[in-house]
Enquirer: 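Below you will find the structure I want to go over with you.
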There are 2 protein chains.
Amino acid sequence: MPNTATTIRKSAERAARQELILQGALAVFKEKGLEGAKIDEIARVSGFGKATLYYYFTSKEEIFSALLLHGWLTLWRELEEIAVGGDSPRATFISMLKKIAEMVNTDRPLYEFLFQAPQSYTREENERSEWKAYQNRLYKVLMELIEQGIKQGEFPQMEPRLIMKAMGGLFHGLVFLGKDRDTITENEIEEMLGSLLG
Amino acid sequence: MPNTATTIRKSAERAARQELILQGALAVFKEKGLEGAKIDEIARVSGFGKATLYYYFTSKEEIFSALLLHGWLTLWRELEEIAVGGDSPRATFISMLKKIAEMVNTDRPLYEFLFQAPQSYTREENERSEWKAYQNRLYKVLMELIEQGIKQGEFPQMEPRLIMKAMGGLFHGLVFLGKDRDTITENEIEEMLGSLLG
DNA sequence: CTAATATTCGACCCATAGTTCGAATAATCG
DNA sequence: CGATTATTCGAACTATGGGTCGAATATTAG
């Protein structure tokens, strides 16, 4: 019969070790890209034996997914508050993007991975993976804000999807483009978005 | 002693076969991504035996580079005319982006590959590859147009690099973002760019 | 302490995929 | 027509890297 307190501690330790592995994995993914990341190197960087990784995760794919899920979940929790805050569509929309930029600045490698990896990897397999749900949820919320904003005259009278593309691209460019990873200020984002929205 | 006319024809045939291979390679790269593209499949799709590919190219890497060089070269030749046209910085800038969008609409798979592949693959090796030079040249020209435009009051008085990021992102979003690959009209691009530039 | 369980890990396994070989066929030359 | 050269290609080679095994060690239970 297992001791209860011990069980809890063990489970916490297990989670902590998974964290360490994910941390190492992120470093390698960031450095070498997705396919370029070798399990052996992830093991080396995280400080575990290769087989130990398979004691905590069932596959490389799972490590990848766990990383994305962790990131999207964290991001979503922050954004959810803003989304239900009850401000006007436009104000909410801008607040959300500013919040994302703020998050990016706190952990650039993670979010760079989050926003770049999917497109270079999105094959059928992870089409249904868990993290994708959060990504879709975010997309949907932003899209709805645009649609409502248009109705209320806060956004230009254009095809919502076009606005979404424009804003998404603009935001992505401001935050991620360029070799120089200088942190972008919230003011700059607001200014740019504002001028595009008229 | 080889016959001259025959030599010329043979060389043309050789080039034509290389074209066929590149065409097949593009189809596979587009479908399966870069690392997901297998030499065997490229061979099958282009209609040659696997070893024949190695008769025309020395490696998978070279096929990849040849494809990018071909694309960037084609694009650059079209853009060069506009760049030296002598219009005002802002007009030239917008014309160039519109031209790129026009090119994209004529061969979407190629340009999607051109604009997406590098970031998911850019490792040290192809940092110095030939196609990269054309990409850099384009970047440089656009950047100079922005700087000149700012001086002449045609662009907002902001950090040039920031404008570049914003415009690049916006453009990329309009042209490439979204599952729906509906062709974007030149008008829509001009309208968006215009509103961002004030 | 001893048995049972949890954790760790390097060595191995093996499927995949890039690359090369050698032979067969086609085209060109003299 | 031979002889030489160009082209084609499947089979074989090989390196890589994801995943597994079995033994060793640490931890917990009783």
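Naming: A, B, ... by sequence-line order, numbering from 1 per chain. These figures come from a predicted structure and were not determined experimentally.
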Enquirer: Tell me whether the side-chain N/O atoms of A/Thr52 come closer than 4.0 Å to OP1 or OP2 in C/dC9.
Expert: yes
Enquirer: Would you say B/Phe171 and B/Ile100 make side-chain contact, with heavy atoms under 4.5 Å?
Expert: yes
Enquirer: Nearest whole Å is fine: how far is D/dG18 C1' from A/Ile42 CD1?
Expert: 11 Å
Enquirer: If only atom types and distance count, is the side chain of A/Gln18 paired as donor or acceptor with the main-chain N or O of A/Tyr56 below 3.5 Å?
Expert: yes
Enquirer: Can a donor-acceptor pair be found between the side chains of B/Ser59 and B/Glu62 at a distance below 3.5 Å?
Expert: no
Enquirer: For A/Tyr54 and C/dT8, give me the distance from atom OH to atom P, rounded to whole Å.
Expert: 16 Å
Enquirer: Could you tell me how far apart A/Arg14 (CZ) and C/dT7 (P) are, to the nearest whole angstrom?
Expert: 6 Å
Enquirer: Give the nucleotide from the list C/dA17, D/dC9, C/dT7 with an atom nearest to the side chain of A/Arg17.
Expert: C/dT7
Enquirer: Could you work out which one of D/dC9, D/dT7, C/dA6 sits closest to the side chain of A/Tyr55?
Expert: C/dA6
Enquirer: In whole Å, what is the span from the NZ atom of B/Lys50 to the P atom of C/dG18?
Expert: 7 Å
Enquirer: Just the rounded figure in Å: distance from C1' of C/dG18 to CD of A/Glu35.
Expert: 15 Å
Enquirer: Please report whether the ring centroid of B/Tyr54 lies less than 6.0 Å from that of B/Phe48.
Expert: no
Enquirer: Between D/dA12 atom P and B/Asp40 atom CG, what is the distance in whole Å?
Expert: 15 Å
Enquirer: Please report the distance, rounded to the nearest Å, between NZ in B/Lys60 and C1' in D/dT16.
Expert: 13 Å
Enquirer: On DNA chain C, compare the nucleotides closest to B/Glu13 and B/Thr58; which residue's is nearer the 5' end?
Expert: B/Thr58
Enquirer: Is there a salt bridge (Lys or Arg N to Asp or Glu O under 4.0 Å) between B/Glu41 and B/Lys38? Walk through the geometry before answering.
Expert: CA-CA 5 Å; B/Glu41 191 171 359; B/Lys38 322 293 181 205; over 6 Å; no
Enquirer: Categorize B/Phe57 for me: base, sugar-phosphate, or nothing, with a 4.0 angstrom heavy-atom threshold over every strand shown.
Expert: nothing
Enquirer: Does any N or O in the side chain of B/Thr92 come within less than 3.5 Å of the main-chain N or O of B/Asp87, such that one atom is a donor and the other an acceptor?
Expert: yes
Enquirer: Take atom CZ of B/Arg44 and atom P of D/dC9, then tell me their distance rounded to the nearest Å.
Expert: 14 Å
Enquirer: On the 0 to 90° scale, with breaks at 30° and 60°, tag the A/Phe155-A/Phe93 ring pair as parallel, tilted or perpendicular.
Expert: perpendicular
Enquirer: Pick out the pairs of N or O atoms, protein on one side and nucleotides 23-25 of chain D on the other, that lie under 3.5 Å.
Expert:
none

